[in-house]
Engineer: 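Below you will find the structure I want to go over with you.
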Amino acid sequence: MREKITEILQQTSLSLGQSEIKAVRRKISKRTGCRVYNDYNIGISGAIGEADEEELYAKAEKNLSYKINYPVEATKNKKVSINLDECNLSDNDLFEAVEKILRKTAERHSNFTVNHKANLNTVELSIENEGQTKLFHRDKFAELGLLLKKRGSSDILDTAFSYVGRNVNSDKIIESVSELITAFDREEQLPGEALPIILHDKELTKIFQKDLNGKLFGNKASLFQEQLGMNVFNEKFSLKIATDPRESFMPIFDSEGTIPEEGLTWLIRDGKIIRPYADKRTAKMYDYENTGCAGGTYDSVPTLTAPHLEIIPGKQSLKSLLNGKNGILIMIAGGGDFTPDGIYASPVQLAYLTDGERLLGRLPHFTVKGSIYDIFGKDFIGLSSDKHFTVGNERLFVTNMEIKAL
Amino acid sequence: MYNFPDNFYSDVRIERIYHSTIRIEMGRLEEIKESVDLGAFIRLFDGSRWYYSSTTALDSIDKELANLASLAKANKEINNHPVVKRMQRNICKQTIYQENSVEKVNLQDKLKLLESYSKLAINDSEINHWNIVYSDKNLKKNFYSSIGSDIEFDTQIAGVRLAFRFGSGANSFTEMWCKADVCYEKITDLHTECQKRIDQAKDFYKNAETIPGGNYTVVLSPMAAGIFAHESFGHKSEADFMVGDEEMLKEWQLGKRVGSEKLSIVDDGNAFGSGYVPFDDEGTKAAKTVLIENGILRGRLHSSVTASSLNEDVTGNARGMNFEYEPIVRMTCTYIEAGSITKEQLISEIKYGILVDTVKHGSGMSTFTLAPSMAYLIENGQISKPVKFSVITGNVMKTLDQIDGVSDKLELLSFVGGGCGKMEQFPLSVGFGGPFVRVKEINVQ
């Protein structure tokens, strides 16, 4: 059976430097991958740009001679078309919005410069095969990465604003950038008392991306090997594979064409480890459920790939989770890592003090440390029900961790 | 030659990239593929803004140039613009990897090579999970510009990367061995070295003890020193982050002391390996750029734009990740230069400290981190036992000043399967390395 994967990216990219638009890049890139399935083997090929499909299929058929075992069926009779291209932004709209953000920020904060990128992306991904499967995903969204650098600072960036969305509200972004800068300039001392730690959830859920991998489990090499089916974490802590394309800006299907049932996307529920994540081959090999986690590039054999994960939010806002206290919002903690037994430690290069609604000031550098079993266990406070535009328009995760001044 | 529009500066970079990848996991062939990508990146400058386009339709380059010109404002004085005046006009052909191109090695032979390495993991019953990747790339670039540059050159890298894991649950340990070189033949007979890394990792897995956090004297291996040089100081040497910031320029004035007199750091695109970049993506010839010499700040890394802004010379560090990206200021091969004492002397002078041998990753802003994989306790001048901890961290500038010993042998390292990330451009091939470097005091967590 033949299968074709097509990826198209149309992008306008503005390079920002010293609060000016320094360059404009336009590109349309097309990538085509061809797969041939035969006798439980798979052959692959691919090309960038306009490609001759027959040539690609011929190469994929030749690739079959290496007998790459693929002991599962290709997805058949599945038809899904999702078009999230509801964004009315034009290149000019993006240009004008970014110019306004840069101009207003420079007027308000002449001691800071804005650098990095603003992109407008239109993406298309499709998988079609001779088994009557036809999957299509299209989306259009803006991405802003604004690195805010204080003049005279020895750092490459001092604070940052990021946004991905299907519209650009320049006034709202200007206010958020202003809040980040104003609070950055207000230096606070490290609190004498232990305060809740607030993080972007992806900083710490990467250990679950690594150790809930079905292949690791299958080979008895996971940190959580002996804890499958056990209540290991706080009963308020649940973790799912993020599958909503509106939220994730990713297709609903994986690179094997799997769209997992909702029930299969839960990896940890009420503190209990439910299942590792898997793709078709991993599921078959180790007798797990297929959670739709095949990834890879357009021209590669579909392979098990760490999915985007989301902690299930509670009903309380960030302010409510802090319960009248201030919290320490970690914005940049680069270079941290886990020990094999699940102890996380990291320097924190940028943190703000917050009351859950406003940024109150910037804290000095410190280190943070905690066990994964405590961070998501006895010390877990919750994931906020509200999203915070200033902090990447994300819900925020609150826990307790040990901090020490650097 | 192309129809470069009048009254603009413009250039065209054409890349032909052959690459192959083979991956074996737990004894199963997971992937084997090779392909050739061909594309061009086109730039046009009107004196105030750059306009870029990338295409795989090489017959449309003139049309792309005309399109970009239609977006820009004609500038009769463009060739006198300080940015354009810094552009080098080089005419040269420097292709050295076409005769021994990895493209000429049969894919089946590459598979056999990878299978020979994978036997080392298959034969070790204590390894719970492993995967091994062979990867290579032969890149031929042509660069043409409106000021007359006409350059053709190539680069090449081939390598093997084995990742393996011992144990499970809380008692597990993951390590990696990676070796890459500019010629295929140079990576075909490294099985003994690979086996040695597996044996070392097994010993570490079985015997490493946790040590309390605190301040320690630390010796960085060439790998750790190279990552430190790249992450902690290399990125700060990329001049784009100081353009337009007068205070910053005062802070980073050339001639200022920024580290111990034992410390010298350079970036050199001429060094063969994964950081070999004989010409950058503006057609500037590679140079050995001294960043720090005996603790004194001597230079920084430039594109034509940053060099013009800071009134300095270009250094050959304007690099794009591939033909879909514009060149920005990037490192090539960054390393700490060798000192005068032996590694053994360096360690023998330490009463109680740590040797960081292999590293998982590093990062650097004003505070840097290195996450060690294998590290060892040093007691009374001797390496005593393997130890584990999460990260070492410290203030970059203080740490540069705390370097009090550098060994006499430089080791440059090359890699496949990763690289440097900056802005949206990841991964870019770079090289790094150094000798063994001793730091009086670093915080261990």
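Within every chain, numbering begins at 1; the chains are lettered A, B, ... in the order of the sequence lines, protein sequences first and strands thereafter. Just so it is clear, the values below take in all heavy atoms, side chains as well, and ignore hydrogens, waters and symmetry mates. Computed from a prediction, not measured in an experiment: that's the story for all the values here.
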Engineer: Can you find a pair of side-chain heavy atoms, one from Met423(B) and one from Leu147(A), that are under 4.5 Å apart?
Structural biologist: yes

Engineer: Tell me whether Lys27(A) is salt-bridged to Glu64(B), with the criterion being a basic N under 4.0 Å from an acidic carboxylate O.
Structural biologist: no

Engineer: At a 4.5 Å cut-off on heavy atoms, which part of Glu34(B) comes close to chain A: side chain, backbone, both, or neither?
Structural biologist: neither

Engineer: Any side-chain heavy atom of Arg43(B) sitting closer than 4.5 Å to one from Arg25(A)?
Structural biologist: no

Engineer: Side chain, backbone, both or neither: which part of Met26(B) has a non-hydrogen atom closer than 4.5 Å to chain A?
Structural biologist: side chain

Engineer: Measure the shortest side-chain to side-chain distance between Tyr66(A) and Leu107(B) over non-hydrogen atoms and say whether it is less than 4.5 angstrom.
Structural biologist: yes

Engineer: Measure distances from Arg23(B) to the heavy atoms of chain A and classify the residue's part below 4.5 Å as side chain, backbone, both or neither.
Structural biologist: side chain

Engineer: CD/Gln445(B) to OH/Tyr344(A) distance, rounded to the nearest 0.5 angstrom?
Structural biologist: 9.5 Å

Engineer: When you compare the side chain of Val301(A) with that of Glu30(B), does any pair of heavy atoms fall below 4.5 Å?
Structural biologist: no

Engineer: Counting only non-hydrogen atoms closer than 4.5 Å, does Asp299(A) touch chain B with its backbone (N, CA, C, O), its side chain (CB onward), both, or neither?
Structural biologist: both

Engineer: Taking atom NZ of Lys236(B) and atom CG of Asp155(A), what is their separation to the nearest 0.5 Å?
Structural biologist: 4.5 Å

Engineer: Using a cut-off of 6.0 Å, state whether more than 12 heavy atoms not belonging to Lys284(A) lie near its atom NZ.
Structural biologist: no

Engineer: Indicate yes or no: at least one non-hydrogen side-chain atom of Glu31(B) is less than 4.5 angstrom from one of Thr303(A).
Structural biologist: no

Engineer: Any idea which heavy atoms bring Val24(A) and Arg49(B) closest together, and the distance?
Structural biologist: CG2-CD, 4.1 Å

Engineer: Taking the side chain as everything from C-beta on, heavy atoms only, tell me whether Asn69(A) gets closer than 4.5 Å to Leu29(B).
Structural biologist: no

Engineer: Evaluate Asn131(B) against Lys215(A) for side-chain contact (heavy atoms from CB on, under 4.5 Å), listing each step before the verdict.
Structural biologist: CA-CA 11 Å; Asn131(B) 71 76; Lys215(A) 283 185 183 173; over 6 Å; no

Engineer: Using a strict 4.0 Å threshold on nitrogen-to-oxygen distance, state whether Asp337(A) and Lys388(B) make a salt bridge.
Structural biologist: no

Engineer: Considering only heavy atoms and a distance below 4.5 Å, find which of Met397(B), Glu231(B), Lys360(B) pairs most often with chain A.
Structural biologist: Lys360(B)

Engineer: Taking Arg26(A) for its side chain and Tyr51(B) for its backbone only, find out whether a donor-acceptor pair lies under 3.5 Å.
Structural biologist: no

Engineer: Is there a side-chain contact between Lys149(A) and Asp245(B) in this structure, where contact means two heavy atoms from C-beta onward sitting under 4.5 Å apart?
Structural biologist: yes

Engineer: Of the backbone (N, CA, C, O) and the side chain (C-beta and beyond), which part of Lys62(A) lies under 4.5 Å from a heavy atom of chain B, both, or neither?
Structural biologist: neither

Engineer: Test side-chain hydrogen bond (donor to acceptor under 3.5 Å, both in side chains) on Glu326(B) and Ser15(A) and set out the steps.
Structural biologist: CA-CA 10 Å; Glu326(B) 68 273 25; Ser15(A) 297; 3.3 Å; yes

Engineer: Can you find a pair of side-chain heavy atoms, one from Arg28(B) and one from Ile68(A), that are under 4.5 Å apart?
Structural biologist: no

